[in-house]
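Below, chain A is the first sequence line, B the second, and so on; all start at residue 1. The shown structure was predicted, so the numbers you read here are calculated from the model rather than taken from an experiment. Basis for what follows: all heavy atoms, side chains included, without hydrogens, waters or symmetry-related copies.
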There are 2 protein chains.
Amino acid sequence: MSERETPRQDDGHEAELIAAEAIGDVIEHWGFRRVLGRVWTILFIAAEPLPAAVIGERLSLSAGAVSMSLTELQRWGVVRRVFKPGERKEYFEAETDFWKMISKVFDERERLLAESVRARLERAVTMLEARPRLPGAEQRADRVRRLLSFVIVAETALDGFIRSRRVDFSPFGDLIRFPLRVATRKRRA
Amino acid sequence: MSERETPRQDDGHEAELIAAEAIGDVIEHWGFRRVLGRVWTILFIAAEPLPAAVIGERLSLSAGAVSMSLTELQRWGVVRRVFKPGERKEYFEAETDFWKMISKVFDERERLLAESVRARLERAVTMLEARPRLPGAEQRADRVRRLLSFVIVAETALDGFIRSRRVDFSPFGDLIRFPLRVATRKRRA
DNA sequence: ATGAACTTTCAAAAGATTTTGAAGGTGCAG
DNA sequence: CTGCACCTTCAAAATCTTTTGAAAGTTCAT
């Protein structure tokens, strides 16, 4: 950013940066910009509202990048702006209820796509039905209908899944300290 | 690709292209290249093995792009190479069991990331525990532990979800024709 | 009203990803 | 063995995304 000063993270924040990178990767993997995950994590770990400048320092980001990230995180409802009485500058804090975050993001993110995908697949079915004499058209229409059914089933199922989790965990407060069963995991990068 | 020939899709494949774009968007949204979704969709709708060249024509892709897409789709186990006896060229067909596809992709895709994320968060906790005198270190360690628990819980839950769906639907054969309940949807893009 | 302390915006630069197409396989028929 | 038809590779080019930093905008204290 300026003149080759070692990224100086011997200020007691190495651990946070490691965690921030890890969560940044997760978030990127789920289709967001990595920096959003990093910023959110810094706020989450801090456990108290921080001003934009502090975030920029810890993550070595320009003021502009921090500002944009915070704006976007607020749009997703996972970071809140906090006004401290008697303070000029603004503070930001992380939402801490994970399932609330996830369902909100899910809602926002998927609704439009799901609708547009449904509409387009329906259109494709209609088009294929309109020319039943085209060789294979009926078979192809079948395939597209199947795609459509699957999209709807998956959508409904996922939605139910997220809903049910929210209910499962909220009784424990917004803290999830119990890995319940840590068994058969899966997945990768 | 060559000389401004109208993308000529009056060959009876407009509907497939519309569906392919729709699924391409879904796939892109889930973190893959859009072209992978488009290629898979063409194969899926065709309902019979197609040679690479046909895919390229329908989607107006260069031979190179088709080849790379097919290779990648095979890596993910969602497209298979089919040798037709007595035919020189190779054919490709789409896997049609959606849940099988999803769980396979899930496995492949998440396992490494999940492991690396767990390791990094554990490291962060250890680092914070190592300097208990640093102001706030204990509180921060707590936050990181929480993140870690959540990652594990979410991982396990999602895994179970995918597993259970597979069981739910496989009895119906590889065709999902019953939207069972088409109710409360959600999501967007 | 002025200016200090911050924040936001946005166009340009940097960086990353995707696509292309030409060169180089591969395998088979003749 | 040669030529044809097809497939794969890969470096360069095109395209898309992200980051930067300077300028403009806010907000408040004085």
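The residues A:Arg146 and A:Asp142 are annotated as not salt-bridged, no charged nitrogen and carboxylate oxygen being separated by less than 4.0 angstrom. With respect to the salt-bridge test (charged N to carboxylate O, under 4.0 angstrom), the residues B:Glu90 and B:Lys84 do not qualify. Using a cutoff of 4.0 Å between basic side-chain nitrogens and carboxylate oxygens, A:Glu72 and A:Arg33 are scored as salt-bridged. Taking a cutoff of 4.0 Å between a charged side-chain nitrogen and a carboxylate oxygen, A:Glu138 and A:Arg145 qualify as a salt bridge.
As rounded to whole Å, 12 Å separates atom C1' of C:dT7 from atom CZ of A:Phe83. Taking atom CZ of residue A:Arg33 and atom P of nucleotide C:dA16, one finds them 14 Å apart after rounding to whole Å. If you take CG of A:Leu61 and C1' of C:dT7, they are 15 Å apart, rounded to a whole angstrom. The distance between atom CD of B:Glu72 and atom P of C:dT19, rounded to the nearest whole Å, is 11 Å. When rounded to the nearest whole Å, the span between CG of B:Leu59 and P of C:dT18 equals 17 Å. The distance between atom CD1 of A:Ile55 and atom C1' of C:dT8, rounded to the nearest whole Å, is 15 Å. The nearest whole Å value for the distance from the NZ atom in B:Lys84 to the P atom in C:dC28 is 18 Å. Distance, B:Glu28 CD to C:dT19 C1': 15 Å, rounded to whole Å.
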Short N/O separations, protein against nucleotides 7-9 of chain D, under 3.5 angstrom:
| from | atom 1 | to | atom 2 | distance (Å) |
| --- | --- | --- | --- | --- |
| D:dC7 | O3' | B:Glu90 | OE2 | 3.4 |
| D:dT8 | OP1 | B:Arg81 | NH1 | 3.3 |
| D:dT8 | OP1 | B:Arg81 | NH2 | 3.2 |
| D:dT8 | OP2 | B:Ser67 | OG | 3.2 |

Every protein N/O within reach of nucleotides 24-27 of chain D N/O, cut-off under 3.5 Å:
none

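With sequence neighbours excluded, the residues satisfying salt bridge (Lys or Arg N to Asp or Glu O under 4.0 Å) with A:Glu28 are A:Arg34.
Ring centers of B:Trp30 and B:Phe106: at least 6.0 Å apart, outside the cut-off.
Side-chain atoms of B:Arg120 do not come within 3.5 Å of backbone N or O of A:Ile18 as any donor-acceptor pair. Using a distance-only test at 3.5 Å, with no hydrogens or angles considered, a donor-acceptor pair links the side chain of B:Arg140 to the main chain of B:Pro135. Judged purely by atom type and a 3.5 angstrom limit, A:Thr156 uses its side chain to pair as donor or acceptor with the backbone of A:Ile152.
In this structure, A:Arg34 does not reach the D:dT18 phosphate: none of its side-chain N or O atoms is under 4.0 Å from OP1 or OP2.
Among the protein residues, B:Val66 comes within range of no part of the nucleic acid, since none of its heavy atoms lies under 4.0 Å from any strand.
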